[in-house]
Amino acid sequence: MYRYLERRLVEHLREFLRRAYDLQITTIVVEQPPKIEFGEYALPLAFELARKLRKAPRKIAEEVVAGVGSIPGFEKFEVAGGGYINVRVNRAEVAAELAADRAPVAEVPAGKVLVEHSSINPNKAAHIGHLRNAILGDTFVRLLRLAGREVDVQNYIDNTGAQVADVVVGFLHIEKKSRAEIEALAAAPRFDFVCWDLYARVSHWYEENKANLQVRLATLHAIEEGKNETAAIADLISVAVLRRHLETMERLDIEYDFLPRESEILHLHFWDAAFTKLKESGVLTYENDGKNKGCWVMRRAGTAAAKSLTTEDTGDTEAVRQNTMPFGLDIAEEDQKVIVRSNGTVGYVGKDIAYHMWKFGLLGRDFGYRKFFRYPNDRDCWISTTDGEINHPHFGDVAEIYNVIDARQSEAQNTVIEALRGLGHGEAADRYTHFSYEMVALTPRCAAELGYTLSEEDRARPWIEVSGRKGFGVKADDLLDALIASARNEVDARHPELSEGERASTAAQIAIGALRYFMLKFTKTSVIAFDFKDALSFEGDTGPYAQYAVVRASNIFRKGGFDPESFCRDAASQLSAEDFARYLNGEAGDGIWALWLAAAKTSYIVGQCIATTEPAHLAKHAFQLAQLFSAFYHRYPILSEADEGRKKFLLATAAVVRRELIRVLAAMGIGVPAVM
RNA sequence: GGGCCCGUAGCUCAAGCGGAUAGAGCAUCGGAUUUCUAAUCCGAGGGUUGCAGGUUCGAUUCCUGCCGGGCCUACCA
C-alpha cells in the first residue's frame with residue numbers, strides 16, 4: 001500500500017516539475033518523516049532545486065505545495081522547516097484499502113530466477129555458518145516468490161573434491177573400514193556427525209606425517225576418474241551426508257528443487273564445452289613460462305585490465321567483445337588465476353564458469369536428472385546424474401541468478417562474472433549477483449565453553465573463526481536441539497495442559513523462529529560472533545517476541561469468538577470511511593495510525609530487501625510491527641471496550657497487524673504456534 | 001604489496017539515494033497486571049558515530065590520509 005502510494009506520488013511530482021519548471025528529474029528522493037505527526041512522506045527536493053532555480057528552498061517548497069494539486073489518496077502537502085515538503089495521506093482511505101487487502105498488482109519482471117544456496121561440502125555435518133547461508137538464501141527465495149517471481153532453488157554439491165576425499169581416506173586408511181561397514185554406518189542416524197569427527201582426525205593425520213598427503217592425492221584422483229571402488233565409496237559417503245543435510249534443512253523448512261553435482265560437471269564434459277569457448281574468446285591464455293608455466297590462466301577479477309567496458313556503458317556487445325579480446329594477454333604473474341593446471345586438470349573456478357554458463361543456458365549441454373528426495377508436501381528434489389529420467393522439469397536457462405556465497409569467495413565469484421563478460425555475455429554478467437555475506441564465527445567465550453583451549457592472542461580477538469577441518473564449531477543439528485530443549489522447558493512450564501505432541505511442535509516452532517530470526521537480524525556485512533546466550537534468547541529483538549505478538553492477537557479473536565481473517569475483510573465493509581477517520585485522524589489517532597502505517601509497509605519492505613539483497617530489513621520490520629502491536633495490546637483492552645464502533649475498529653487494527661505480521665514471518669520462514 | 005569489508009551507548013547491533021533531536025535489544029536502576037497470557041508494557045541513565053582534513057545549505061552515510069581489526073590474494077575447494 002505504502003509502496004504503491006509512493007510510486008503515485010513520485011509520478012505526479014515528476015509530471016508537475018516538468019509542467020511548472022520544465023525540469024526532468026530522474027530520481028525524486030522520497031523520505032519518511034522522523035515523526036508520525038509530520039506526515040507519511042517527506043520531500044527534500046526543494047533543497048536540490050534551490051541552486052537550479054536560483055531561489056530559496058522555502059520559496060520553492062511553497063510554490064510546489066501551492067501548485068501540485070490533488071492526488072488520489074493524499075490529503076495535503078505542507079512546508080516544514082527550511083524547505084521540507086511533508087506529505088499526508090488520507091488515513092481513512094488507506095486503512096480501508098489495507099483492511100480489505102486490496103493490493104494493487106505490481107509488475108513482475110519477466111523470466112525465471114535461480115537462487116543457489118547452502119552448497120555444503122558433503123563430507124561432514126552442517127554447522128552454524130551453513131545455517132546462515134541457507135537461512136539467508138531460503139528467505140531470499142521466499143521474498144522473490146512473494147514478489148511474484150518464479151524461482152528455482154539449487155544447492156551445488158561438490159562431491160568430488162578434496163574434502164570428500166579426506167573422509168574417504170579416514171574410513172579406508174585410518175579406520176580401515178570395509179565398504180560394507182561404511183554402508184552400515186551411513187545408514188545409521190547422524191552419519192554426518194561421524195564424518196565430522198573423522199574429518200578432523202584426518203586433518204590431524206596429515207599434519208603428523210606429510211607423506212600421508214600422498215594418500216589424499218591418490219584418493220582424489222581415483223574419485224575424479226570414477227568407475228572404481230574408491231569412487232563408489234566416495235559416492236556412497238557424499239550421498240549419505242547430503243541426505244543428512246537435506247534432513248537438517250528440512251527441520252528449518254528449507255527445500256531445494258535441484259542438486260547439481262560436480263561429478264556430472266566432470267562426467268558430462270561441461271568443462272570441455274566451456275574450455276573451447278574460453279580459448280576461442282581469448283579469456284584463457286596459455287603460459288609459456290614463469291611460475292604458471294604450462295597452465296591456462298585468466299586475469300583475476302579486480303586487477304587493472306579486467307575493468308573492461310560493459311554492455312551497459314556502450315550498449316554495443318561487439319565493441320565489448322573487441323575490447324576484451326586481448327583479455328589474457330600479458331597478465332602480470334600476480335594477477336593470474338590458474339584455471340587449468342599444468343597437469344591438465346581443471347580447478348574449481350573453471351568448473352564454476354562452466355556451471356554458470358549452463359545456468360544462463362549458454363553452454364549447449366544439460367545435466368541428466370533423477371528424483372532424489374521427496375518432501376512431506378510431495379515436492380520432489382531432483383539431483384544431477386549422467387543418464388537420467390526422461391521426464392523432468394526444465395532447470396537452468398534462467399534470466400537472473402543469485403549466488404548465496406560468503407564474502408571470502410567474492411574474488412572467485414567476480415572472476416566467473418568476468419569470464420562471462422569476456423565470452424561476450426555481458427547481459428548475463430549483469431544479471432549475475434553474488435549475494436555476499438560475512439561468516440559466522442564464535443566469541444572467544446563460546447569457543448572456551450565448547451572446550452577449546454585458547455591462546456592469549458585468541459582470547460583478545462573479537463571472534464574465532466569456525467573450522468570444519470579442525471572439527472571446531474557448532475553443528476546445526478546440535479544448535480537446533482539445544483534451542484528446542486530450551487523452548488520446551490518454557491512451553492512445559494507455561495502449558496502443562498497441552499499434549500506431548502502439541503508441546504513438542506510448539507517448542508520446535510519457537511526454536512525455528514528464534515534461529516531463523518537470529519540469522520536474519522544482522523546485516524550481511526556484519527560478522528556474527530556466535531554465542532549461545534544470544535542465540536538462545538527468546539526475549540526482546542527475537543523471533544519468539546514476534547511470534548508472541550501474533551499469538552496474543554489471535555487470542556483476542558479466539559476469546560471474542562471471531563475469525564480474524566474474515567473479520568479483516570468484513571471490517572472494510574462494516575466500518576465506514578467516517579469511522580476510520582474518527583479513530584485515525586488528528587493527534588488522538590497518531591498512536592494507532594502508526595500501527596496501520598507500519599502494517600501498510602510490508603510490500604515496500606519486501607521490495608527494499610530484494611533490491612538491496614538484504615533480508616535484515618525484513619527482520620527489522622517484523623520487530624517493529626510486533627513492538628507497536630505489543631504496546632497497542634497493552635494500552636487498549638479490546639474485548640472489554642464498551643463502545644461497539646470503537647471495539648470494531650480496534651479489532652480491525654489487531655486483525656490487520658496480525659495478518660501482516662504472519663505474512664512477514666512467513667517470508668522469513670517462521671511459522672506461528674497456536675499458543676505460547 | 002594489492003583487493004574487499006568493518007570500526008556507532010558498558011555489550012550486541014540499526015540508521016532506506018547525503019536530510020529534521022543518531023535509534024533498538026541486552027545489561028543496570030525504578031515502575032506496571034487479581035488481564036484479550038508478564039516470552040509483555042512504561043520510565044531513567046548511558047554517544048566527540050576510531051582520528052584528521054575535504055565536498056555540501058546539511059555527513060554515521062560521499063572523497064583523501066592516518067589508526068585499529070577481519071577476510072581474500074595456492075597449479076585447495
Side-chain angles (χ1 to χ4, degrees), chain A residues 27 29-35 38 42 44 47 50-51 56-57 80-84 86 121 158 160-164 220 262 291-297 300-304 334-335 337-343 345 347-349 351-352 406-412 414 436 438-439 441 443 461-463 465 487 490-491 494-495 510 514 521-523 525-529 531 533-534 537-542 544-545 547-549 551-560 604-605 608 611-612 614 616-617 620 623-624 627 630-631 633-641 654 675-676:
Chain A
T27 51
V29 177
V30 180
E31 288 167 8
Q32 296 178 28
K35 285 182 179 170
F38 295 168
F47 296 107
R51 178 163 296 169
Y84 266 101
N86 289 334
N121 273 307
D158 178 8
T160 56
Q163 295 214 22
V164 170
L220 190 54
E262 190 168 271
K291 85 173 164 107
N292 294 328
K293 182 177 177 184
C295 298
W296 286 88
V297 305
R300 174 173 295 152
T303 59
E334 66 271 21
D335 292 343
K337 174 76 196 163
V338 171
I339 304 298
V340 181
R341 303 180 191 109
S342 55
N343 66 4
T345 58
Y348 87 105
V349 176
K351 290 172 215 163
D352 226 21
D406 78 70
R408 284 171 293 197
Q409 295 204 46
S410 58
E411 188 181 284
N414 288 333
S436 170
E438 274 294 346
M439 63 182 170
T443 61
R461 288 177 191 276
W463 60 73
E465 204 173 335
E490 293 291 327
V491 175
R494 287 158 201 253
H495 299 287
I510 292 168
K521 71 191 256 190
F522 301 94
T523 52
T525 50
S526 167
V527 174
I528 297 180
D531 198 299
K533 183 172 88 50
D534 302 329
S537 167
F538 297 155
E539 289 168 16
D541 188 9
T542 67
Y545 175 89
Q547 290 173 316
Y548 187 59
V551 168
R552 289 176 126 187
S554 302
N555 282 346
I556 298 172
F557 290 94
R558 191 167 41 77
K559 288 237 172 158
Y604 175 82
I605 302 288
Q608 288 285 318
T612 57
E614 180 51 273
H617 301 311
K620 194 95 201 153
F623 181 59
Q624 273 169 359
Q627 211 174 23
S630 294
Y633 176 92
H634 188 262
R635 186 154 169 205
Y636 303 97
I638 300 178
L639 295 179
S640 56
E641 173 61 51
V675 294
M676 274 181 81

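Per chain, numbering begins at 1; letters A, B, ... match sequence-line order.
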Identify the two heavy atoms, one from E334(A) and one from R300(A), that lie closest to each other, and give their separation to 0.1 Å.
O-NH1, 3.0 Å

Of M676(A) and P462(A), the one whose nearest nucleotide on RNA chain B sits closer to the 5' end is M676(A)

Let's test this: given Watson-Crick or G-U wobble pairing with both distances under 3.5 Å, identify the partner of C41(B).
G31(B)

At less than 3.5 Å, do the side-chain atoms of K559(A) and the base atoms of U37(B) form a donor-acceptor pair?
no

So that I can tick it off, tell me whether K533(A) and D531(A) are bridged by a salt bridge, with the cut-off set at under 4.0 angstrom between side-chain N and carboxylate O.
no

Distance criterion of 3.5 Å, no angle test: do you see the side chain of Q608(A) paired donor-to-acceptor with the base of G16(B)?
no

What nucleic acid atoms does K293(A) come within less than 4.0 Å of, heavy atoms only: base, sugar-phosphate, or nothing?
base

Distance below 4.0 Å between R51(A) side-chain N/O and C57(B) OP1 or OP2:
yes

Pairwise P distance, G68(B) and C26(B) [rounded to whole Å]
36 Å

In whole Å, what separates the C1' atom of G23(B) from that of A9(B)?
11 Å

Name the nucleic acid region contacted by S526(A), choosing base, sugar-phosphate or nothing; use a 4.0 angstrom heavy-atom cut-off, strictly under.
sugar-phosphate

side-chain N/O R300(A) vs C72(B) OP1/OP2, d < 4.0 Å
no

Only pairs with both distances under 3.5 Å count, Watson-Crick or wobble alike; so what is the partner of G7(B) in this structure?
C67(B)

What does K351(A) touch in the nucleic acid at a heavy-atom separation under 4.0 angstrom: a base, only the sugar-phosphate, or nothing?
nothing

Using a heavy-atom cut-off of 4.0 Å across all strands, would you classify V349(A) as base, sugar-phosphate, or nothing?
nothing

Would you classify F557(A) as touching base, sugar-phosphate or nothing, given that sugar-phosphate means primed atoms plus P, OP1 and OP2, and contacts are heavy atoms under 4.0 Å?
nothing

Does S342(A) make a side-chain donor-acceptor contact with the base of C75(B), cut-off 3.5 Å?
yes

Is V338(A) touching bases, backbone alone, or none of the nucleic acid, heavy atoms closer than 4.0 Å?
sugar-phosphate

Please determine if a side-chain N or O atom of R552(A) lies less than 4.0 Å away from the OP1 or OP2 oxygen of U40(B).
no

Side-chain N or O of Q627(A) versus OP1/OP2 of U40(B): is the shortest distance under 4.0 Å?
no

Taking all atoms of both residues into account, what is the closest heavy-atom pair of V551(A) and V675(A), and its distance?
CG1-CA, 4.0 Å

Scan A553(A) against the nucleic acid and name what it touches under 4.0 Å (heavy atoms): base, sugar-phosphate only, or nothing.
nothing

Under 4.0 angstrom, heavy atoms only, what part of the nucleic acid is V164(A) near: base, sugar-phosphate, or nothing?
nothing

Counting the atoms with a prime plus P, OP1 and OP2 as sugar-phosphate, which does G83(A) contact under 4.0 Å by heavy atoms, base, sugar-phosphate, or nothing?
nothing

Respond yes when some side-chain nitrogen or oxygen of N555(A) is under 4.0 Å from OP1 or OP2 of U37(B), and no when none is.
yes

Send over the distance from Y548(A) OH to A39(B) P, rounded to a whole Å.
4 Å

Quick one: the side chain of N86(A) and the base of A20(B), do they pair up donor-acceptor inside 3.5 Å?
yes

Mind checking if F538(A) touches a base, just sugar-phosphate, or nothing, with heavy atoms under 4.0 Å?
base

Between C13(B) and K521(A), is there an OP1 or OP2 to side-chain N/O distance shorter than 4.0 Å?
no

Just call it for E31(A): base, sugar-phosphate, or nothing, with non-hydrogen atoms closer than 4.0 Å on any strand.
base

Using the closest heavy atom to pick a nucleotide of RNA chain B for each, name whichever of I528(A) or D406(A) lands nearer the 5' end.
I528(A)

CG of D158(A) to CG of D352(A): how many Å apart, nearest 0.5 Å?
10.0 Å

Closest non-hydrogen atom pair, A412(A) against Y348(A)
CB-OH, 3.1 Å

Counting Watson-Crick and G-U wobble pairs only, both distances under 3.5 Å, name the nucleotide matched with A59(B), or none.
none

Heavy atoms under 4.0 Å, any strand shown: does Q624(A) hit a base, just sugar-phosphate, or nothing?
nothing

Any Y545(A) side-chain nitrogen or oxygen under 4.0 Å from OP1 or OP2 of C41(B)
yes

pair Y545(A)-S630(A): side-chain heavy atoms closer than 4.5 Å:
yes

What distance, rounded to whole Å, do you find between the two P atoms, one in C17(B) and one in G53(B)?
28 Å

Interatomic distance at C1', C41(B) relative to A24(B), whole Å
16 Å

Please evaluate the base of A77(B) for a donor-acceptor partner in the side chain of Y348(A) within a cut-off of under 3.5 Å?
yes

C29(B) to A15(B) separation - C1' atoms, rounded to the nearest Å:
28 Å

Separation between the C1' atoms of U21(B) and G47(B), rounded to whole Å
13 Å

Would you say the side-chain atoms of K351(A) pair up with the backbone N or O of E262(A), donor to acceptor, closer than 3.5 Å?
no

At 4.0 Å (heavy atoms only), tell me whether A407(A) reaches a base, stays on the sugar-phosphate, or touches nothing.
nothing

Using a cut-off of less than 4.0 Å, is there contact between a side-chain N or O of N343(A) and OP1 or OP2 of C75(B)?
no

Is there a side-chain contact between R461(A) and the phosphate of G70(B), meaning an N or O under 4.0 Å from OP1 or OP2?
yes

Check every strand shown and say whether E465(A) touches a base, only sugar-phosphate, or nothing at a heavy-atom separation below 4.0 Å.
sugar-phosphate

Do you know the tightest heavy-atom contact between T443(A) and A529(A)?
CG2-O, 3.6 Å

Span that lies between the C1' atom of C57(B) and that of A20(B), in whole angstrom:
13 Å

